[in-house]
2 protein chains.
Amino acid sequence: MEELLKISELSEQTGLSAHTLRYYEKHGLIQASTRSEAGYRFYTDSDVRRVQFVKTARNSGFSLDDISQLLSIRVDKESHSCQDVTDITQKKLDQVNAKLAELHSMQHTLELLLESCCGGPENATHCSIIEALDAGVVDKEAFGQARHEST
Amino acid sequence: MEELLKISELSEQTGLSAHTLRYYEKHGLIQASTRSEAGYRFYTDSDVRRVQFVKTARNSGFSLDDISQLLSIRVDKESHSCQDVTDITQKKLDQVNAKLAELHSMQHTLELLLESCCGGPENATHCSIIEALDAGVVDKEAFGQARHEST
DNA sequence: GTTGACCTTAGAGCCGACTCTAAAGTTACA
DNA sequence: TGTAACTTTAGAGTCGGCTCTAAGGTCAAC
């Protein structure tokens with residue numbers, strides 16, 4: 001006995017809003033196996049599993065486009081290799097690593113700025129953060145160097 | 001003798017496009033001190049320094065909104081404290097750290113996925129990445145645990 | 001038979017920071 | 001005088017992933 005779910009029920013089961021589910025459908029990620037005569041979507045267990053796959057992949061950092069590719073592998077595993085899958089995954093990891101590097105650099109800069117400034121209630125006439133930004137010194141190592149010397 | 005720059009010259013000096021400079025002006029970050037009769041923007045040295053401040057702050061990770069606040073401190077340092085400046089900076093650092101945590105978690109997940117899969121030319125019938133995403137196992141520690149045991 | 005909770009669609013709006021277009025005016029130089 | 005290279009403006013488009021709206025159709029309960 002197949003239990004068919006309406007969109008709100010699928011929403012409840014997956015934690016994705018009905019809006020999002022329709023959005024995913026519009027972008028070809030998922031589909032309701034059947035529709036009522038009135039056009040209401042009805043989802044099977046297999047549909048639910050597919051949606052959960054999408055959700056898990058989203059949580060893992062994959063874009064909808066990545067997921068689209070992963071899904072076409074999932075439905076026809078014989079026609080794809082493990083390498084196809086790792087290629088997608090590796091590419092995503094590369095992107096994540098690139099973004100991490102960028103953010104680490106920002107983190108470093110912001111930490112240096114914070115360390116350099118007293119942060120107190122005195123007025124900002126000689127605030128070293130404002131001064132550093134004014135000197136454009138932030139990208140250069142000089143800023144970190146200068147701080148190091150004075151420590 | 002004050003040397004006035006046209007927008008394309010400012011663009012050259014700063015590495016920001018004329019489009020971007022107009023965009024910054026529209027959003028209240030910068031302004032040309034004078035305009036020619038025909039309406040052409042002309043920038044002074046002081047304008048250039050302000051633009052460079054904006055650019056440095058952008059490179060450091062600050063949003064245009066942050067920079068807007070930093071600029072109002074910069075032009076009236078007496079009315080602001082160092083704490084005003086560190087508040088903005090700390091808030092930004094908190095955001096960066098939050099994003100870093102998120103990305104590290106993705107990195108971890110993707111690395112586990114990659115380690116679990118052979119990545120070879122054999123077909124994806126038993127691909128452990130697809131299986132892991134299917135099992136929704138990615139958020140849970142179980143995935144990492146399972147791998148650890150089998151190692 | 002009427003309320004109210006659901007469902008449908010196409011399409012607009014949002015976030016941030018640009019990026020670009022179109023149509024028109026200006027300037028420099030030959 | 002022509003023409004090429006600038007400049008101006010308002011406003012639209014881009015990216016990704018939703019999020020929401022409007023206007024209507026459906027369904028179950030009372």
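Within every chain, numbering begins at 1; the chains are lettered A, B, ... in the order of the sequence lines, protein sequences first and strands thereafter. Quick note: numbers below take in every heavy atom, side chains included, and nothing from hydrogens, waters or symmetry partners.
Distance A:Tyr23 OH to D:dT21 C1': 17 Å, rounded to the nearest Å. Summarising the geometry, the separation between CD on B:Glu9 and C1' on D:dC6 is reported as 11 Å, rounded to the nearest angstrom. Rounded to whole Å, atom P of D:dC6 lies 15 Å from atom CG of B:Leu21. Between B:Lys6 atom NZ and C:dA28 atom P there is a gap of 6 Å when expressed in whole angstrom units. The NE2 atom of A:His27 sits 12 Å away from the C1' atom of D:dC15 (whole-angstrom rounding). Going from atom CG of A:Asp65 over to atom P of D:dG17 covers 8 Å, rounded to whole Å.
When distances run from any side-chain atom of A:Leu64 to the nucleotides D:dT21, D:dT8, D:dC18, the shortest one goes to D:dC18. Counting only heavy atoms from C-beta on, B:His19 has its side chain closest to C:dT19 among D:dC6, C:dC7, C:dT19. Closest contact between the side chain of B:Arg58 and the listed nucleotides C:dC18, D:dT7, C:dC6 involves C:dC18.
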message: Could you walk me through whether A:Thr89 and A:Phe62 satisfy the side chain to side chain contact (heavy atoms under 4.5 Å, CB included) test, starting with their C-alpha distance in whole Å, then the side-chain angles of each, then the deciding distance to 0.1 Å, before giving a yes or no?
response: CA-CA 8 Å; A:Thr89 309; A:Phe62 290 105; 3.9 Å; yes
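Ring centers of B:Tyr23 and B:His27: under 6.0 Å apart, within the cut-off.
Within the cation-pi definition used here (under 6.0 Å to the ring centroid, within 45° of the axis), B:Arg74 qualifies as a partner of B:Phe53.
The residue among B:Ala38 and B:Leu16 whose nearest nucleotide of DNA chain C lies closer to the 5′ end is B:Leu16. Of the residues near DNA chain D, A:Glu37 and A:Tyr24, the one whose nearest nucleotide (by heavy atom distance) lies more toward the 5' end is A:Tyr24.
For B:Tyr40 against C:dG25, a side-chain-to-base donor-acceptor contact under 3.5 Å is present.
B:Arg22 comes within 4.0 angstrom of a base, heavy atoms only. At the heavy-atom level, A:Ser36 lies nowhere under 4.0 Å from the strands shown. B:Ser17 comes within 4.0 angstrom of nothing in the nucleic acid, heavy atoms only.
Contact annotation: A:Arg41 reaches the phosphate of C:dT8 (side-chain N/O to OP1 or OP2, under 4.0 Å). Within the 4.0 Å cut-off from OP1 or OP2 of D:dT9, at least one side-chain nitrogen or oxygen of B:Arg35 is found.
Salt bridge annotation for B:Lys99-B:Glu102: present, with a cationic side-chain nitrogen under 4.0 angstrom from a carboxylate oxygen. Checked for salt-bridge contact, A:Arg50 and A:Glu25 miss the test: no charged N lies under 4.0 Å from a carboxylate O.
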